Structures are given as structure tokens and as C-alpha cells.
Amino acid sequence: MIDVKQLRSDPQRFIDGARDKGIDVDVPRLVKLDEQMRALKTKMEERRAEQNRISKETGPQIGKLKGQLKSASGQAKAALEKQIRELEERPARLKGEIQGLGESLAKLQPEFDALLLSVPLPPDPDVPKGKTADDNIEIKTWHPKWFDPKKSFKQNKGFAPKTHIELVRDLGLVSFERGVKMAGTRHYVLTGEGMRLHQAVLRFALDFITTEHGFKAMSVPVIVRQECMVGTGFFPAGREQAYHIEETSRGGGHDLYLTGTGEVGLMGFHQDEILDAHSLPLKYATVSTCFRREAGAAGKDTAGLYRIHQFDKVEQVVICGADEAESRAWHKKMIGIVEELLQRLELPYRLLQCCTGDLGPKNADMIDVESWMPGRGPDGADGRPTGAYGETHSASRLYDFQCRRLNMRYKDEKGASVFCHSLNNTVLASPRILIPILEMYQNQDGSVTVPTALRPSMGGAQRIGG
RNA sequence: GGUGGGGUGGCUGAGUGGUUGAAAGCACCGGUCUUGAAAACCGGCAUGGGCCAUUAGGUCCAUCUCGGGUUCGAAUCCCGACCCCACCGCCA
């Protein structure tokens, strides 16, 4: 959520920000609503102050008179009643007026709330302007000595590659048919060594982020209430993307939503808390199952393990003080962690500076990490794919946008409450990461070598198949 | 699923219609004392918002889970929602 005070002092910044992100939201309307509501509120508070003043001076009198009334009779009683009536009349008139103002205010409130939640965080000035992912800018590439993505797979390894879809079929690692039978399109079943490899990369990634980088391991809910989705900034914009469990329609207290990332649970953890400043930064990591409806992605990446409704992900978040330099430093650090992990797995990757149009509502800045997938991309002369980078990670910097919604604060040196800054990044998402692993590590005989880094979590196995 | 009990400040916990934004304790901050620390003692200590001053602050409004209601006046009474706890039943 944006800071309303900032909106008042510089609405143009938010108008431009929404435009650059390609998000349609009526910022001027929000500004106008804010003005109207403040005027109403001021008026109402004035009336209420008057009411309070009057009732403070007449209240005790009324109480006293009512006490006397009990023992009074005849003419004395009538006089007392008259006196009480007069005293009671004064605040009663104000009451109606206050109620009217309150009603006017209540009429505007829902629109104001909805609009405020919809205004995106403006992108940072140094984020390149652009409309779609095509406008993202490559800022770095890396590859191991034994594989250069600039050359063809055959040039690198001496034989034509299979796609991961062919590999998992031939090696019996995944059953798409059974997944679809049970749960519908974009579902799958990991079988045998496929499941073991999946678990091995997850375990490797969680061990890596906790043991080597000091993140605290957590297991968090993946079924959460709406407040948690709104607080973490996934709602309202991403409502279509989340599975919805309608518990209220069957008598439950409230509906629930399946989370699309462990970020929700990690960030929701401290919702409505005032954190000890000395405890910052907080570094949390979780491995959790992620659920995504992929609404609007119909026809896109329909085959294979790339775009699926359910997967597992190791996620990292950092909650730090409200300091831009610190925030930026953590962003770099979190990207560095992922680079180190991919280098350990010896997977070629590149870093992309996302353009304004590719940023979500809650991000000021986002760097995507894409891994090289030989079975992806346009077909070559032989009718086989020539390879392409595919997104495997995404590192976001959010300033206080998320913590403001979550009401997550700490006390600064002056004792003032300040909203924390937050950041998040994928550590590793599987089975998507299995695509580059299987495709990169395949051998001419159809087997797949297990990356050295994963062997300890694969019971020492050196290869799959063959 | 059944039956009870309960939601008050950072925490514990008083408070059943009228200076109660809220006792007390703990925690925290400042001071006295001390070579230093602890103890003791003294003092301070909620949050959000509007307006004014913007260096300090002043002032008003709201807030005792949330939303309605009763009342001149609600932490206190009524209704609803949500949440939590205990016991029983079932159960990975």
C-alpha cells in the first residue's frame, strides 16, 4: 500500500508510476475522494467535539436530577422532568448531524479503500521503462566452462539434445497423463527418480540458504485467510491467480486461499507486529507447495513441467529497516545467493533487469534470473528447439509497500513507529528447475548425470537411467 | 461434531453506565544513589488520524477484537461476526 501522505503531496508520481507499470487505476479519483472524506471528517469531528463538551457539562447534572426524580413527586417532579428534557435536547440535535456526516463518509469509504489498495508502488527511477517482458534488459550472463549457451547444444556436448519432456518420458520420471486424469490440465505426477531428484534439489536449496547464508528455516501455512493475501500485496490484483476455498458457503467462518508462494506465509508471520529494531534484518526461508491457477495463461507453455498449477519452492525473504541503501544492498545480496546456487549446480543463467511494464504492483524493482533450457525456444533447421533462457527466479524490492499493508513496524531511535522494508527472491523452484538440470545434464545414451552438488541428497546416485 | 469459558495498552491483569485513555504489576526509558553494576527510590512511558505550528509542540477526534444497536453519555448493557481456550468425541 502506498503512503497517502505521499499521494497528497505528489499525486503525479503515482499517476506516472501506474502508467509505466501498465496498471489502470484512477489516481485522481482517489485524490479527490481523499479530499472529500477529509473535509467530512473534519466537520464531523468538530460536531463531535461540541457534543462531547456539552455532554460533559450537562451529563452529571442529568444524572443528579434523575436521582432526585426518584424521590420527587407532584409539582417538584414535573419541574425536574422539564429541566431534564431541556438538558437532553441540546446534544440530541448534534447527534443527528453527526450521524448524517458519518453516513456520507461511509458511502465513500469502500471506493476509497479499494482504490488505495489498487494503486501500485511506482517503479524506481532507475528501472528502465518498457511495456512487456520483451523490454527487459540483460545485465549479466554466466555459464560453466563445459557449456556455453551461445553455441549449440551439439557443439557443446557432441550430440543433439532431447527436451525435458522426452527425457522424463523415456526415464519414467513424470507421468503427465496420470496427473491430468486426477486433477486436470497442467497437473503431473513425479515418479521414482523424478520425485527423488525433486526432493534433492529442494533439500539442497533449503540447506544452502539456511546453513550457508543464515536464513531461518520455516514451515508456514499455504492455506491462508484473505487478510494475509491482501496484506502481502497479492490481492486484489492477483485474485484471479489464487485458488479459493469457499468455506463460508458451507458454514465455515471465513474463506481461505491457497498461496502461490511461500512469501505469503513468511511475510504474514509478523503481520500487525511491532518488531524489535535490534532483531532486524530478519532473514527467513521456507519450502512450500505453491498453487497457481494460471488464469489468463491459456495456451502458453502448455507442455511439460514449465507452467503448472502446483509446485514446490524454496523462498527467501528479508525484512529490514526503512533505509533505501540497506534495501538495495539486500537485493544485491539475495541475487548473489541465487547466483551462487546456480553456479554450484553449474547451470548457465542470465540476470534480467525487468522493465516497468513487467513489474508487479508491489515492486519498486525486480531482477529475474533465467536459466538456460536447451529444449526451449524456437525450432532450428532440424525441427528441434534451439534452446532459450527460461525464468527460474525473481528478486523483488518493495520498500515499505508490503509492510505498510501488513502493518509491520519497528521503533526507530526517536521512538517513532516505522514500517519495515521487505524483499523476496526465489531460492529454487521445482520441478521447473528440473528442466535445465535434466536437459543440461543429459548424456548421449539417454541417461542423466546427477549434478555433483545434488548427489548427497540423492543417496549418492551419480546418474539416472542408462 | 458436542458442551462450556473468554477476547482490555509491549506482556500479565483490575475495571458492570458519567473527568476510565483506562488501576496495579512486569518490561522499557531517564534520574538519584554506587568506583561500576544490581537492588532501592523518584519520574516518564499506547496507537492512529484531522487541523495549526513544523525546531519543540499545541489542539481536536477516534481506538478496551470487529460491526451494528440502546442511551444525553458505553470498556461496562443488547444483537451479530470473527478469533482464542478448555473438556468430550473423531482422527493423519
Side-chain angles (χ1 to χ4, degrees), chain A residues 1-9 30-31 33-70 80-110 112-113 116 219 221-231 245-257 268 270-280 289 400 403-420:
Chain A
M1 186 159 63
I2 61 161
D3 184 349
V4 182
K5 284 179 189 161
Q6 283 179 23
L7 176 73
R8 281 172 203 156
S9 64
L30 180 62
V31 173
L33 278 172
D34 177 52
E35 275 168 19
Q36 288 177 345
M37 289 176 64
R38 253 187 313 160
L40 283 170
K41 225 182 248 175
T42 304
K43 202 166 178 188
M44 187 164 85
E45 283 177 6
E46 279 167 10
R47 296 295 180 278
R48 196 166 272 163
E50 199 180 338
Q51 186 191 38
N52 286 346
R53 215 194 60 241
I54 292 171
S55 80
K56 210 173 248 177
E57 64 181 58
T58 61
Q61 290 177 36
I62 293 172
K64 219 179 279 171
L65 291 172
K66 281 192 175 168
Q68 291 172 13
L69 197 62
K70 279 180 194 157
L80 280 170
E81 278 171 344
K82 185 168 174 247
Q83 228 178 323
I84 290 170
R85 228 177 301 122
E86 277 165 8
L87 283 170
E88 286 182 347
E89 247 171 46
R90 294 171 65 195
R93 250 170 293 151
L94 285 167
K95 198 182 166 181
E97 198 178 347
I98 290 165
Q99 234 156 23
L101 288 164
E103 276 163 24
S104 310
L105 208 52
K107 264 184 218 153
L108 302 177
Q109 193 76 50
F112 177 84
D113 291 344
L116 183 62
S219 170
V222 295
I223 312 171
V224 302
R225 24 179 3 123
Q226 173 163 277
E227 289 82 346
C228 204
M229 296 300 280
V230 173
I245 304 173
E246 297 188 28
E247 280 298 286
T248 43
S249 64
R250 55 189 295 203
H254 52 84
D255 283 2
L256 292 161
Y257 296 86
H270 289 297
Q271 179 157 14
D272 292 319
E273 289 184 25
I274 294 179
L275 302 169
D276 179 3
H278 302 294
S279 70
L280 302 179
T289 303
D400 65 0
C403 293
R404 188 179 290 276
R405 287 177 171 237
L406 285 167
N407 192 26
M408 190 191 299
R409 299 168 294 174
Y410 67 96
K411 300 273 190 192
D412 69 8
E413 315 79 51
K414 291 178 201 150
S417 298
V418 184
F419 293 107
C420 307

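Quantities reported herein were computed from a predicted structural model and do not represent experimental measurements. Below, chains carry the letters A, B, ... as their sequence lines are ordered, and counting in each starts from 1.
By the salt bridge (charged side-chain N to carboxylate O under 4.0 Å, His left out) test, A/D272 is found to be paired with no residue, residues two or more places apart in sequence or in another chain being considered. Every residue two or more places apart in sequence or in another chain was checked for a salt bridge (charged side-chain N to carboxylate O under 4.0 Å, His left out) with A/E273, and none qualifies. In this view, A/R409 and A/N407 satisfy the side-chain hydrogen bond (donor to acceptor under 3.5 Å, both in side chains) rule, not counting sequence neighbours. Listed by chain and number, the residues in a side-chain hydrogen bond (donor to acceptor under 3.5 Å, both in side chains) with A/Q226 are A/R239, A/Y257 (sequence neighbours excluded).
If you check B/U32 for Watson-Crick or wobble pairing at under 3.5 angstrom, you find it paired to B/A40. Of all nucleotides present, only B/C52 satisfies the Watson-Crick or G-U wobble test against B/G57, with each distance under 3.5 Å. Pairing partner, B/U12: B/A24, with both Watson-Crick or wobble hydrogen-bond distances short of 3.5 Å. Remark: B/A86 base-pairs with B/U3; criterion is Watson-Crick or G-U wobble with both hydrogen-bond distances under 3.5 Å. Here B/U47 sits opposite B/A62 as a Watson-Crick or G-U wobble pair (both hydrogen-bonding atom distances under 3.5 Å). As the counterpart of B/G67, B/C79 is assigned, both hydrogen-bonding distances of the Watson-Crick or G-U wobble pattern falling under 3.5 Å.
For residues 37-50 of chain A, every residue pair satisfying the salt bridge (Lys or Arg N to Asp or Glu O under 4.0 Å) rule, not counting sequence neighbours, is listed here: A/D34-A/R38, A/R47-A/E97.
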(request) At under 4.0 Å between heavy atoms, which parts of nucleotides 50-56 of chain B does protein reach? Answer with one letter per nucleotide, 5' to 3': B base, S sugar-phosphate only, - none. (result) SS-----

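Rounded to whole angstrom, the span from the CD atom of A/Q226 across to the P atom of B/A81 amounts to 19 Å. Here the P atom of nucleotide B/C45 and the CD1 atom of A/I274 are 17 Å apart, to the nearest Å. Rounded to whole Å, the distance from CD1 on A/I98 to P on B/C60 is 16 Å. Distance A/L275 CG to B/C11 P: 13 Å, rounded to the nearest Å. In this structure, the OH atom of A/Y410 is 16 Å from the P atom of B/U47, given to the nearest Å. B/G49 atom C1' lies 13 Å from atom CE of A/M1, rounded to whole Å. In this structure, A/E103 atom CD and B/G67 atom P are separated by 16 Å, rounded to whole Å. Straight-line distance from the CD atom of A/E227 to the P atom of B/C66: 14 Å, rounded to whole Å.
Look at the C1' atom in both B/C85 and B/G25: the space between them is 24 Å, to the nearest Å. One C1' atom belongs to B/G69, the other to B/G17, and the distance between them is 16 Å to the nearest Å. Here, B/U63 and B/A75 have their P atoms 7 Å apart, quoted to the whole Å. As rounded to the nearest Å, B/G21 and B/G4 have P atoms that lie 36 Å from one another. Comparing B/C26 with B/G44, their P atoms sit 16 Å apart, to the nearest whole Å. Across the C1' atoms, B/A53 and B/C11 are found 37 Å apart, a figure rounded to whole Å. Nucleotides B/G31 and B/A24 place their C1' atoms 23 Å apart, quoted to the nearest Å. When the P atom is compared between B/C78 and B/G5, the two are found 14 Å apart, to the nearest whole Å.
Residues A/V31 and A/R8 fail the side-chain proximity criterion, which asks for heavy atoms closer than 4.5 Å. The closest side-chain heavy-atom distance from A/I274 to A/K411 is below 4.5 Å.
Note on A/K43: every side-chain N or O is 4.0 Å or more away from OP1 and OP2 of B/C60. In this structure, A/R409 reaches the B/G48 phosphate: one of its side-chain N or O atoms is under 4.0 Å from OP1 or OP2.
A/D400 contributes no side-chain N or O that, together with a main-chain N or O of A/C420, makes up a donor-acceptor pair within less than 3.5 Å. A donor-acceptor contact shorter than 3.5 Å is absent between the side chain of A/S279 and the backbone of A/L275.
Nearest nucleotide to the A/K411 side chain, out of B/A62, B/A46, B/G73: B/A46.
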